[in-house]
Chemist: 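Just dropping this structure here.
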Amino acid sequence: MDILKLINEAEKDIKGEFAKIDDTCLFYSSKVLEAFQKHNVSEACFAETTGYGYNDLGRETIEKIFATIFNAEDALVRNQFVSGSHALSKTLFALLRPNDLLLSITGLPYDTLHEVIGIKENASSLASFGVKYAQIDLVADDFDYEKVEKYLKNNKVKVIEIQRSKGYSTRKSLTIEKLEKVIKLIKSIDRDVIVMVDNCYCEFVEKVNPIEVGADIVVGSLIKNLGGGIAPNGAYVVGNKALIDLVGESLTLPGEGREVGPTLGVNKALLEGLFFAPSVVASALKTSVLTSCVMQRLGYKTNPLYNEERADIVVDIQFGDPDKLIKFVQGIQSGSPVDAHALPIPWDMPGYDDQVIMAAGCFTQGSSIELSCDGPIRKPFIAYMQGGLTYEYGKLGLIKALEFMQNEK
Ligand SMILES: *Cc1c(COP(=O)(O)O)cnc(C)c1O
């Protein structure tokens with residue numbers, strides 16, 4: 001196999017996709033730049049606060065910028081959120097009270113939420129506080145509109161959770177179009193139910209965001225898309241002001257809420273990360289499209305296909321063989337800028353039933369806007385790949401993975 005020839009040919013096939021990605025990149029670059037100007041970003045915003053973190057100009061400006069970009073009433077963007085999972089947990093704990101009912105309409109939620117909700121036993125879960133949980137699975141990669149309608153007519157639901165990106169499942173990630181349809185249905189039955197969207201990996205991929213199609217509160221990670229590979233940690237929550245205030249009270253303490261939270265010098269990185277985010281997301285998308293196209297040409301099933309509409313930056317490749325999956329992931333690691341010499345092997349990761357292999361040669365621990373790849377060692381042996389801070393590094397990583405598969409046969 002001539003890998004470079006394969007890549008060159010694939011790049012001809014994907015020109016049309018790249019043009020669409022460039023168009024979206026310009027759209028969001030303009031949105032980000034306008035928001036920076038509207039809210040008067042200045043050098044003073046880069047100053048740090050310590051201790052309680054009262055009157056942090058940078059923090060307040062960042063939150064206004066996020067609200068503007070999402071067309072939301074308000075935003076909470078904090079380095080006190082460890083990552084997206086922590087923000088999702090804090091948001092659920094902020095919105096739900098004993099005897100309230102939480103409903104997921106995208107099947108089993110992301111793995112890190114199992115102990116938060118109490119799907120998996122944990123003495124500190126929502127379930128331990130008496131929060132009830134129900135779940136409606138997707139059908140044919142879309143919402144089960146009939147079941148959702150019937151359930152809402154027969155039960156008083158407090159919060160509906162919608163996870164857009166597929167996680168470690170084989171389903172498709174959910175586009176804004178589908179989201180809009182289901183939120184319209186939900187609100188036509190019960191105006192008061194809170195629609196919460198897990199937006200991880202989906203930011204800046206489509207031109208419309210969940211708030212604009214009726215979501216009440218949206219959560220995402222800063223070690224993914226909107227951190228632009230520069231934010232060292234953190235997460236954002238955007239949405240209705242009253243709900244954001246509740247999340248603030250839950251994150252710090254009732255009474256002080258959003259007024260406290262020292263930024264410890266992180267403001268400049270958050271602003272710079274957001275500034276780069278449109279083009280970093282575009283690079284990750286291009287890497288994802290190239291990977292789909294190349295792996296399809298090699299006869300592997302990929303999700304999504306190279307020319308399929310994308311809702312997020314993740315591409316999964318079905319290897320059908322554990323050795324090929326392992327080689328591919330090891331190759332991605334060997335094409336990374338950090339720890340390229342390390343050879344990942346499958347291990348028993350806490351919280352997972354199967355062994356998992358991970359490539360994460362990243363500057364920021366766990367950052368998956370950087371080129372990263374992982375896969376549970378179970379049939380049909382799928383690798384989930386995402387990221388690439390630049391398209392060129394993404395492409396070089398893919399070339400290394402292909403070389404690894406070829407040489408180690
Ligand atoms: C990554 C991810 C999360 C968790 O985000 P972290 O920042 O890794 O904690 C939650 N939900 C989905 C769908 C994700 O992809």
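Numbering of ligands and ligand atoms starts at 1, following listing order.
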Chemist: Do NZ/NE/NH1/NH2 and the carboxylate oxygens of K147 and D137 come within less than 4.0 Å?
Modeler: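 Between D137 and K147 there is no salt bridge, as every charged N stays at least 4.0 Å from the carboxylate O atoms.
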
Chemist: Is the Lys NZ or Arg CZ of K324 less than 6.0 Å from the centre of F319's six-membered ring, within 45° of the axis?
Modeler: no

Chemist: Taking distance alone, with N or O pairs closer than 3.5 Å, would you say I223 contacts ligand 1?
Modeler: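 No, since none of the N or O atoms of I223 sits under 3.5 Å from an N or O of ligand 1.
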
Chemist: Can you establish whether the number of heavy atoms outside N55 located under 6.0 Å from its atom CG is more than 12?
Modeler: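 No.
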
Chemist: Of the side chain and backbone of R164, name the one, both, or neither that has a heavy atom under 4.0 Å from an atom of ligand 1.
Modeler: neither

Chemist: Should the proximity of S85 to ligand 1, defined as any heavy atom under 4.0 Å, be assigned to the side chain, the backbone, both, or neither?
Modeler: both

Chemist: Taking distance alone, with N or O pairs closer than 3.5 Å, would you say T112 contacts ligand 1?
Modeler: no

Chemist: Nearest heavy-atom pair of A123 and S128: which atoms, and what distance?
Modeler: O-OG, 3.1 Å

Chemist: Closer than 4.0 Å to some heavy atom of Y110 - which atoms of ligand 1 meet that?
Modeler: 1 (C), 2 (C), 3 (C), 4 (C), 10 (C), 11 (N), 12 (C), 13 (C), 14 (C), 15 (O)

Chemist: Would you mind running through ligand 1 and noting each atom that sits below 4.0 Å from a heavy atom of Y201?
Modeler: 15 (O)

Chemist: For atom 14 (C) of ligand 1, grab the closest protein heavy atom and report residue, atom and distance to one decimal in Å.
Modeler: K224 NZ, 2.9 Å

Chemist: Side chains of M385 and S288: does their closest heavy-atom pair fall under 4.5 Å?
Modeler: no

Chemist: Tell me the closest heavy-atom pair linking E212 and K31, and the distance in Å.
Modeler: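 Heavy atoms only, the tightest pair is OE2-NZ, 4.0 Å.
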
Chemist: Please report which non-hydrogen protein atom sits nearest to atom 7 (O) of ligand 1, along with the residue it belongs to and the distance in Å to one decimal place.
Modeler: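 Of every protein heavy atom, S221 OG, 2.6 Å lies nearest to atom 7 (O) of ligand 1.
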
Chemist: Under 4.0 Å from a heavy atom of Q163: give me the atoms of ligand 1 that qualify, with their elements.
Modeler: 13 (C)

Chemist: Near L88, which atoms of ligand 1 are under 4.0 Å from a heavy atom of that residue?
Modeler: 10 (C)

Chemist: Check N233 against L270 and note the closest heavy-atom contact, atom names and distance.
Modeler: O-CD2, 4.2 Å

Chemist: From the options I313, L222, D198, N233, select the one whose nearest heavy atom is closest to atom 11 (N) of ligand 1.
Modeler: D198

Chemist: Side chain or backbone of H86 under 4.0 Å from ligand 1, or both, or neither, by non-hydrogen atoms?
Modeler: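 It is neither part, as no heavy atom is under 4.0 Å.
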
Chemist: Examine S83 against ligand 1 and note whether any of their N/O atoms are separated by less than 3.5 Å.
Modeler: yes

Chemist: Salt-bridged, K38 to E34, with N to O below 4.0 Å?
Modeler: no

Chemist: Does atom CZ of F66 have more than 12 heavy-atom neighbours from other groups under 6.0 Å away?
Modeler: yes

Chemist: Applying a 4.0 Å heavy-atom criterion (strictly less than), which segment of V82 is in contact with ligand 1: side chain, backbone, both, or neither?
Modeler: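 Neither; no heavy atom under 4.0 Å.
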
